[in-house]
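Each remark here refers to the structure printed beneath this line.
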Amino acid sequence: MTRLTRRAFHQLGLGAALVSTASGRAFAQAPELVIGAANPMSGVFAFAGVEGFEGGRDHFEFVNKNGGVAGRRIRYVNEDSGYRVDNAVAIFTRITSQHQTPVFFGDSTGFQKAINPELNRRGTTVMAGASFASEIDNPQAFPNQWIPGPNYSDQMRVLLRYIAAQKKGASVVFVHSDTEFGRDPIAAGEAEAKRLELNLVEKIVTQPGSVDVSGDVLKIRRRNPDYVIFHGYVLQPIPEFMAQARQAGMTSKFMGTFYSTDTVLMNRAGAAADGYMGVSAYNFDPAAKGAQIEAIRAANVGKTRTHAYYQGWTNAMLAIEVLKRTLAANEELNAVNMMKHARSIKNYDTGGVVGVPITMTGNSFPHGRVYQYSAADKMLKPASDWITISAGS
């Protein structure tokens, strides 16, 4: 995908994707509520950036069709970051200088960490985004941000608790990328495996992307583990690991964290991904009910949406809830007030987007579920109940 400017979006007839409309509903003369975003609409993560942007856009259009927030229209202002921290910082500065922006969505852990001091200095804006970094799940260091699901360490804990429930003392191998992203949950995963009396028999580190994994597959084969958990990848080299392992006759079960578990990505991997299991924060159960999940289905007839879309929708849904609570309390839309109300989100019904009521713990919502991919049906199917990671556990 080439880099798309604001003018190009309008030329393509996508202006409504940058600034959401009220869909014909008459609003009171109250000022609009502007929510800003820097999404990677081009570059290596464009597939996720576009999906995440559209998830947020669709939710805000749903909200506007149903009266907005306290009679005020939501205006969603997005620019393409190209997944570059310097671009995202410039976009944040530009949008927040042009508009009062109570909420801003970031494109990456790198940006959310880089902008954090400025975000705290201003005290006018709260932030969410694409990151599940464990480091951001710290209210003292990141007092004005939230994560729309479990952090990477908690995702690892969900998988390990599932394994422990399936087989006492199961043997496990961790495979992670040699990146900050890849290393994030490894220490927590080691501690959790020890606590659960699982047998962590090997840790393998690779470069992300398409790499030669034959030597690493041999290491796994020698260990013959019950489970292999991948983290720090989007897709490659996971399919190659699985294909070579199957060719070698291995029966290990393969698993992954959020960004390595997605119907669209698994469909690309094909038969090699059959039986792959992973953790998600969101509800892919076709039997799920609720106003929000039904609104997602209505907006996406005939489409299969990725995790990033649900993440964008969930961030938008949480932003709307925070704005509603702050305005209902007749309080100024500043960071202190908004985060106070964000932290008051307890046992919150997401309308089916998450299968259990959610509660903010730290800066995150530590609820996840294990899904298993069926190549025949081309879909993820629930493999566990919802698992909540309690504070300090």
Side-chain angles (χ1 to χ4, degrees), residues 17 20-23 25 33 35 37 39 48 50-76 78 103 105 126 128-130 132 146-150 258 262-264 279-328 338 341-342 344-360 364-369 371 379-382 385-388:
S20 66
T21 69
S23 303
R25 177 175 286 274
L33 291 168
I35 294 178
N39 280 300
V50 171
E51 287 272 322
F53 162 72
E54 291 182 354
R57 176 204 64 192
D58 289 354
H59 182 75
F60 293 135
E61 290 186 352
F62 168 72
V63 170
N64 282 339
K65 287 176 182 177
N66 289 279
V69 176
R72 297 171 66 173
R73 175 178 176 270
I74 299 297
R75 185 180 179 202
Y76 188 30
N78 173 74
V103 183
F105 298 149
V126 297
F132 290 99
W146 73 71
I147 296 170
F258 181 86
D262 193 283
T263 301
V264 173
V279 62
S280 177
Y282 310 123
N283 206 342
F284 294 98
D285 187 344
K289 303 292 184 183
Q292 297 282 339
I293 199 74
E294 288 164 13
I296 289 174
R297 291 170 182 153
N300 293 284
V301 176
K303 297 179 182 178
T304 300
R305 286 298 195 175
T306 69
H307 279 51
Y309 179 92
Y310 284 80
Q311 184 185 49
W313 182 286
T314 302
N315 269 329
M317 177 178 63
L318 293 169
I320 293 300
E321 184 63 22
V322 168
L323 291 170
K324 284 181 176 178
R325 293 186 184 203
T326 308
L327 292 172
M338 286 186 288
H341 291 289
S344 75
I345 295 177
K346 299 186 185 302
N347 297 317
Y348 174 68
D349 182 355
T350 63
V353 176
V354 183
V356 291
I358 66 172
T359 295
M360 182 180 274
S364 70
F365 296 86
H367 315 279
R369 189 182 210 177
Y371 289 86
M379 65 183 296
L380 291 166
K381 297 183 177 182
D385 292 331
W386 289 88
I387 299 170
T388 295

Does the side chain of Leu380 reach to within under 4.5 Å of the side chain of His307, using non-hydrogen atoms?
yes

Can you find a pair of side-chain heavy atoms, one from Glu61 and one from Ile74, that are under 4.5 Å apart?
no

Please tell me if the side chains of Ile345 and Trp146 come closer than 4.5 Å, counting only heavy atoms from C-beta onward.
no

Counting distance only, does the side-chain N/O of Asn315 pair as donor-acceptor with the main-chain N or O of Gly129 below 3.5 Å?
yes

Would you name the heavy atoms of Ala70 and Leu327 that are closest together and state the gap between them?
CB-CD1, 4.4 Å

Side-chain contact test, heavy atoms from C-beta onward, threshold under 4.5 Å: evaluate it for Leu33 versus Arg75 and give yes or no.
no

Quick one: do Lys289 and Glu294 make a salt bridge, cutoff under 4.0 Å?
no

Are Glu54 and Arg305 side-chain neighbours, meaning at least one heavy-atom pair lies under 4.5 Å?
yes

To the nearest 0.5 Å, what is the distance between CG (Leu323) and CE (Met338)?
7.0 Å

Residues Arg369, Ser280; criterion side-chain hydrogen bond (donor to acceptor under 3.5 Å, both in side chains); working and verdict
CA-CA 6 Å; Arg369 189 182 210 177; Ser280 177; over 6 Å; no

So which atom in Ala319 and which in Phe105 form the shortest heavy-atom distance, rounded to 0.1 Å?
CB-CZ, 4.1 Å

As a test of understanding, state which of Tyr309, Phe258, Trp386, Trp313 forms a ring pair (Phe, Tyr, Trp, His ring centres under 6.0 Å) with Tyr282.
Phe258

Is there a donor in the side chain of Asp285 and an acceptor in the side chain of Tyr371, or the other way round, less than 3.5 Å apart?
no

If you compare all heavy atoms of Ile293 against all heavy atoms of Ala288, which two are closest, and at what distance to 0.1 Å?
CG2-O, 3.9 Å

What are the two closest heavy atoms between Leu318 and Ile358, and how far apart are they?
CD2-CD1, 4.1 Å

Counting neighbours of CG on Asn300 that are heavy atoms of other residues, nucleotides or ligands and sit closer than 6.0 Å, is the number greater than 12?
yes

Within-4.5 Å side-chain heavy-atom neighbours: Met360 and Ser344:
no

Side chain to side chain, Phe365 and Thr359, heavy atoms closer than 4.5 Å
no

May I ask you to check whether Phe284 and Tyr310 place their ring centers less than 6.0 Å from one another?
yes

Going by distance alone, is a donor N or O of one side chain under 3.5 Å from an acceptor N or O of the other, for Gln292 and Thr350?
no

Within the structure provided, determine whether Met317 and Tyr348 are in side-chain contact (heavy-atom separation under 4.5 Å).
yes

Okay, side chain of Asp262, backbone of Thr306: is any donor-acceptor separation there less than 3.5 Å?
no

